[in-house]
Structures are given as C-alpha cells and as structure tokens.
Protein chains: 2
Amino acid sequence: MIEVFKTYLKEKGSFSDVELKQIESVTTIKKLRKRQYLLQEGDVWKYNAFITKGCVRTYTVDEKGNEHILNFAVENWWTGDRESLFSGKPSVYNIDALEDSQVALITKENFNLLCKEIPAFNNMVTLILEKSFIVSQSRIQSFISSSAEEKYLKFLETFPHLPMRVPQGMIASYLGITAETLSRIRKNALKK
Amino acid sequence: MIEVFKTYLKEKGSFSDVELKQIESVTTIKKLRKRQYLLQEGDVWKYNAFITKGCVRTYTVDEKGNEHILNFAVENWWTGDRESLFSGKPSVYNIDALEDSQVALITKENFNLLCKEIPAFNNMVTLILEKSFIVSQSRIQSFISSSAEEKYLKFLETFPHLPMRVPQGMIASYLGITAETLSRIRKNALKK
DNA sequence: AGTTTCTCTTGATAAATATCAATGGAATTT
DNA sequence: AAATTCCATTGATATTTATCAAGAGAAACT
C-alpha cells in the first residue's frame, strides 16, 4: 500500500496487520495530472478518496462561467462528494487536480464493508466526519459574521500552508470574494 | 418516553422494545421557556439534545453586540454544540428558546454507550451526522456563490415552515445579511 | 529564446449591502 | 386598557465589495 496512506491509518487507529491488509486489498491508486478531473459535474461519485500526494479542489461553475471553490484537499485529507455518494445522484461539483497528484480510492461498497468489519475503521470514519462537520460549521460562522478581511485572516490561521500551493484567485473564490478584492485586502492588511 | 421522540426513533431505525427502553432510561426531559438558555457561551456542552417541542436557535454575539445565528432547530431536529461536546472546551455559542420548548437530553457518556451497544442507534447517529454535513456544505456553497436574494429564496425552499415561526430579523441574521436588507429583498423579490 | 498563458495588481466606476434614524403597527407585559 | 417592548418597513447615506479594463511579471509551452 502507498506508504502515506498506511502511515495515516496507523496514526488514526490501531489496526492489526490483517486489517491493514484488508484495507489495502480494496484500495486502488489513481494518478492525476494537473487539471485532470477526479469528478466531473453530472457524474455520480462512488468512492471515498484519500489524497496521498498533491492537491485538488472541489468547485462549481455558475451560469456566468465563474468558478466557486467549495474546498481544497492536500495530502492526508479526504475528498469527494458525500452528497452524490449518499444519494446516488449526479454530482453538482467538479473535482480536479491543482498539481500532479495521487489519490487512494475505495468504493462505497468496500468502504461500508470495512466500516462494518473493522470497528477501528468505523470509529476513524465517524471521527473524520465529526471533525469535517465542525470545520464547516466554523466556516459558516465566519460567513455570517466576518468581513472579507476577517475571513482571509482566519483562513491564513486555519490553513497556513495553502497559500504557498494555491493561486490567490482560488483562495478568493474559496472565501466567496473576488480576486481583486483579495488583492486589495492583502495590500491593506499585510502592511499593518 | 416522550411520544415525539419515540415516534422519531421508530421511524429512523428498527429498535426493539428493550432497546427503546434502554434509550428511554438515559433520556431526561428539559422544559425551556421562551428566551431561556439551553447553552450559554462559556459553558461546556455535554449532551445530545433532541427537540420534542418548540424552537431554538444557536448563535454568537460579537463585540458590537450583534447576534449571528448559526442555525435554528424545531421539533424532530437535534441541537447542541458538537465542537464543545467533542473537545470538552467551553462553547462559543449560545442556544436559547424562541418559543416555550421541550428537549430530550442524553449525556455524552450515555449517548456513546447507546452507540456502542445498539448498532441501529449508531447507524442512525452516523446518518444524521452525514446529512448535517451535507446540509452545511450546501449552505457554504450558497454563501460563496449566491447574492442575498438568492440565499433568501433558497432558504425559503429549504425551510418553508420557519418564516412562520421565526422573526424575519433572525432569518436575516442566519443568512448573514441585515434585517433592513432582507426587508428590501422581500419587497422586490416577492412582487415579481 | 520567444510566445503564450496565468496570475496578480491597480485604477475607475458601479452595484450590493450596511448603517443610522425615524415611524407605525403588532405583540407582550403590567 | 395602557404602557412597553418588539418587529418590520422605509429613506438617506456610507461602506464594502464587484465589475471592467489595462498592464506587468512569472510560469508554462513550443
């Protein structure tokens, strides 16, 4: 199995060698070149995806052609579309690679099996979901209560490493502001 | 046990009578008068709370004294602060009743026990979490891509019954806009 | 190496939304 | 029933953010 994924699993739960083997046996690796889609709008998403290398984004494109980035994911994060996975309906999101990347994929069916057969896996998964929810609540909190500048500063605190890897305009999109506004915010805020 | 809660459980999972009794045995009922706190900023939240009657809101108060409503919960919804529950740290949120209400409370410890001992309960809980996450993702999506008017219209679709129970100004707060702006949006949008 | 494409910045202007202030009606309290 | 508080609306104005357009440097491509 990809070393990054194994290390992650060992850190997040105490799995026996047999269990690790079982997880490995249902994991497939997919390489993505920069700009390649992992999921395209209209397709049904059927996996759980763990990034072992690189960086991807989840986004929508509106009628005017503007992209809206829902989230980023880098090494050791999970990505995918839970909504489409859960409902079986076509996704409204696109996921593509911002760098050459590598992801570990487990189909929904195999993933559910792992959850059923390996309690530690189930616990790990619930914990991840719990944390993802908490993070998204806190993001909503900042949308309802913060100015563009505050959102940006909070973003820097939460994800200090992302600005080095992701174009600034995409960070603006993630924050729900325009690239120009973010540029001006940086000019003002960072000189303080 | 409170009938509303029992009905909910029966609908969400197939529980045996013994299991229902077990759930009942760890459930306590709390009545809230309008405006009464269920959780106050600075306190640690230790429960899972199911609303059997009434309506509550979760909100923060900023330095200027403005309230920012993170969410509402009515009958058959869960409420609480997952972040404080998870971390054991004081909550940054307030939860209070918008009407005279009644909630069913289960402590974290008892809740975890139910999850461990009753698989159907565990499944139900994971499902709720999964759905909550999906809902919050979709709310983030509308924050990054929609105008105030679009957010309001989407809100009406998602929660058609809330405007009848919740003052308009609070809905504005939930949407991250001011009460005045919402009033103007309604004037324009609803005459179309 | 030269060309193209991306990315960020900046300026001018427009649009969206917030703020402040006042009013009147509805609901709640006494 | 009167008094008080709450709530939604409206107007005038300020602030924030978006849009459009141009340019310059960096990165990617051939």
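So you know, we letter chains A, B, ... as the sequences are listed, proteins then strands, and number each from 1.
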* Structure fact -> Winner on side-chain proximity to A/Thr181, out of D/dT17, D/dA8, C/dT7, is D/dT17
* Among D/dT17, C/dT19, C/dC8, the nucleotide that comes nearest once only the side chain of A/Pro167 is considered -> C/dC8
Just how far, in rounded Å, is [atom2] of [N] from [atom1] of [X]?
{"X": "A/Arg184", "N": "D/dC20", "atom1": "CZ", "atom2": "P", "value": "14 Å"}
{"X": "B/Leu175", "N": "C/dA18", "atom1": "CG", "atom2": "P", "value": "10 Å"}
{"X": "B/Asn188", "N": "D/dG11", "atom1": "CG", "atom2": "P", "value": "11 Å"}
{"X": "A/Met164", "N": "C/dT7", "atom1": "CE", "atom2": "P", "value": "18 Å"}
{"X": "B/Glu99", "N": "D/dC6", "atom1": "CD", "atom2": "P", "value": "17 Å"}
{"X": "B/Arg186", "N": "D/dT10", "atom1": "CZ", "atom2": "C1'", "value": "14 Å"}
{"X": "A/Glu149", "N": "D/dA18", "atom1": "CD", "atom2": "C1'", "value": "17 Å"}
{"X": "A/Asp62", "N": "D/dA18", "atom1": "CG", "atom2": "P", "value": "13 Å"}

Please check if the side chain of [X] supplies one atom and the backbone of [Y] the other of a donor-acceptor pair under 3.5 Å.
{"X": "A/Lys30", "Y": "A/Val103", "result": "no"}
{"X": "A/Glu117", "Y": "A/Leu114", "result": "no"}
{"X": "A/Glu19", "Y": "A/Ile118", "result": "no"}
{"X": "B/Ser101", "Y": "B/Leu32", "result": "no"}

* Closest-nucleotide ordering on DNA chain C, the 5'-leading residue of B/Leu182 and B/Lys34 -> B/Leu182
* **5' precedence on DNA chain C between A/Ala179 and B/Gly176 (nearest-nucleotide basis)** => A/Ala179
* Asked: If only side-chain N and O atoms of A/Gln168 are considered, is one of them under 4.0 Å from the OP1 or OP2 phosphate oxygen of C/dT9?
  -> yes
* Asked: Within the structure, does a side-chain N or O atom of B/Lys187 lie under 4.0 Å from either OP1 or OP2 of D/dT10?
  -> yes
* B/Phe86 side chain near B/Trp45 side chain, heavy-atom distance below 4.5 Å -> no
* Base of C/dC8 paired with side chain of A/Glu180 (donor-acceptor, under 3.5 Å) -> no
* Specify the residue among B/Arg35 and B/Ser183 whose closest nucleotide of DNA chain D lies further upstream toward the 5′ end. => B/Arg35
